[in-house]
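Given the structure is predicted, the values throughout are model-derived calculations rather than measurements.
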Amino acid sequence: MEKLVITVALTGNVPTQQMNPHLPVTAEEIAADVARCRDAGASLFHVHARDAAQKPTLEIEAYKANVRAIKAAAPEVILQLSTGARAGKEWEARAQPVRLLPEMGSFTTGSNNLPGIVYENSPPFIEFLARVYQETGVKPEIEVFETGMIANALFLQKKGYLQPPLHFDFVLGAPGAMPGTVKNLQFLSESIPAGATWSVAGIGKAEMPLSAAAIAMGGHVRVGLEDNLFLPDGSPASNPLLVEKIVRIAREIGREIASPEEARRVLALDPAHKDRILSMIGA
Ligand code: ZN
């Protein structure tokens, strides 16, 4: 089996520090959490931005501030910037984080319900964002909330917008979308092309069981407060505690942990793209 790539979804758009005091919100808090999670064994970081009132924002200066702080604290980690819709629906605003040339960006290739909203990614928007990924050479992580999103990604690959090998993240257990069961994880992991890589992001109580399943199946794992605020015993989680738990489970069953450099190889990232973002953020 490949070494295990551990992704941390640090902040997201929904949680607040009232819901969990360990949530990193400011650039400084996010960078400090990245360094702690890296020390614990994480290699890839899924990054959102918040404004001064903790509200989600697509303001590009907020993304730049987060990237600058992370690059200062943990220059070797892989950054994946979010293109999610809760912070704004305007197409170009959602594409801006990709135009900063991070090594990776998130890309949800379809629509589904989430608590309180339709998570809308229309066919024209998906094609627009796929073109941005093609133009920039940034590697998308295909966020799969429903089975059809795999087919949509393969269609974009067939049209030449996305280059294989694709990397999928199965987001399971979000209220309104595909339930967080091992059966669903197995089905999705068998529905992607040979050579593609995958991770699982279990939402809420599904996080740890699905992570354990993915570790045993040869997939990769995403954890973090964006997806789940609690440890299995009900106490407040923190990003480093979640990573430590994953590392323990993996070691117990003999799966080794990937360093950031090893994760780049597993995910087939272009080594020449490692620090393109530095010139974009004025670092
Ligand atoms: Zn996210």
Side-chain angles (χ1 to χ4, degrees), residues 1-10 33-46 74 76-80 103-104 139 141-144 150 164-173 178-228 230-235 237-269 271 274:
M1 265 185 211
E2 290 277 16
K3 290 190 179 182
L4 179 68
V5 177
I6 302 174
T7 300
V8 185
L10 298 148
D33 231 26
V34 167
R36 284 190 287 263
C37 291
R38 170 208 58 192
D39 293 345
S43 49
L44 172 52
F45 291 86
H46 173 80
E76 72 277 42
V77 303
I78 304 166
L79 289 185
Q80 179 192 98
E103 286 183 89
M104 298 183 77
K139 176 140 183 171
E141 174 174 283
I142 312 294
E143 307 294 343
V144 174
I150 295 175
L166 298 182
H167 177 64
F168 295 90
D169 180 49
F170 305 129
V171 187
L172 295 178
M178 210 162 166
T181 64
V182 173
K183 190 174 178 182
N184 282 339
L185 180 60
Q186 174 150 17
F187 168 65
L188 292 174
S189 67
E190 290 173 352
S191 302
I192 60 175
T197 50
W198 64 271
S199 59
V200 69
I203 304 300
K205 284 190 163 67
E207 185 175 73
M208 280 301 152
L210 291 183
S211 295
I215 292 167
M217 291 161 73
H220 303 280
V221 168
R222 165 175 137 171
V223 291
L225 297 181
E226 169 168 356
D227 300 336
N228 169 40
F230 301 101
L231 296 173
D233 68 3
S235 60
S238 71
N239 289 315
L241 279 175
L242 291 168
V243 174
E244 286 168 15
K245 209 170 260 301
I246 294 301
V247 169
R248 269 202 305 278
I249 295 168
R251 293 229 166 102
E252 286 293 333
I253 63 171
R255 184 101 187 257
E256 290 182 64
I257 309 299
S259 68
E261 267 324 298
E262 290 165 338
R264 285 185 175 89
R265 279 199 296 280
V266 171
L267 299 170
L269 299 181
K274 183 170 175 240

Checklist entry - So, the side chain of Lys274 versus the backbone of Ile78: is there a donor-acceptor pair under 3.5 Å, distance only? => result no
Checklist entry - Side chain of Asn239, backbone of Leu10: donor and acceptor closer than 3.5 Å? => result yes
So, for [X] and [Y], which heavy atoms are closest and what is the spacing to 0.1 Å?
X: Ile6; Y: Gly41; value: CD1-O, 3.8 Å
X: Val34; Y: Phe45; value: O-CZ, 3.6 Å
X: Leu210; Y: Val182; value: CD2-N, 3.7 Å
X: Met208; Y: Leu242; value: CE-CD2, 3.6 Å
X: Ala40; Y: Pro240; value: CB-O, 4.4 Å
X: Val223; Y: Ser211; value: CG1-OG, 3.8 Å

Next on the checklist: Check Glu207 with Arg222, please: is the shortest side-chain N to carboxylate O separation under 4.0 Å?
Outcome noted: no
Checklist entry - Can Arg36 and Asp33 be counted as an ion pair, charged N to O under 4.0 angstrom? => result yes
Checklist outcome for this item: Exactly one candidate in Leu185, Val144, Leu166, Ile142 meets side-chain contact (heavy atoms from CB on, under 4.5 Å) with Trp198; the answer is Leu185
Checklist entry - Any side-chain hydrogen bond (donor to acceptor under 3.5 Å, both in side chains) pairs touching residues 248-259, not counting sequence neighbours? => result Ser259-Glu262
Checklist entry - Would Glu76 and Arg38 satisfy salt bridge (Lys or Arg N to Asp or Glu O under 4.0 Å), going step by step from the backbone distance to the final call? => result CA-CA 9 Å; Glu76 72 277 42; Arg38 170 208 58 192; 3.3 Å; yes
Checklist entry - What's the verdict on side-chain contact (heavy atoms from CB on, under 4.5 Å) for Glu103 and Leu79, showing C-alpha distance, side-chain angles and the deciding distance? => result CA-CA 6 Å; Glu103 286 183 89; Leu79 289 185; 5.9 Å; no
Item to check | Check against side-chain hydrogen bond (donor to acceptor under 3.5 Å, both in side chains), His46 and Thr7 | outcome: CA-CA 7 Å; His46 173 80; Thr7 300; over 6 Å; no
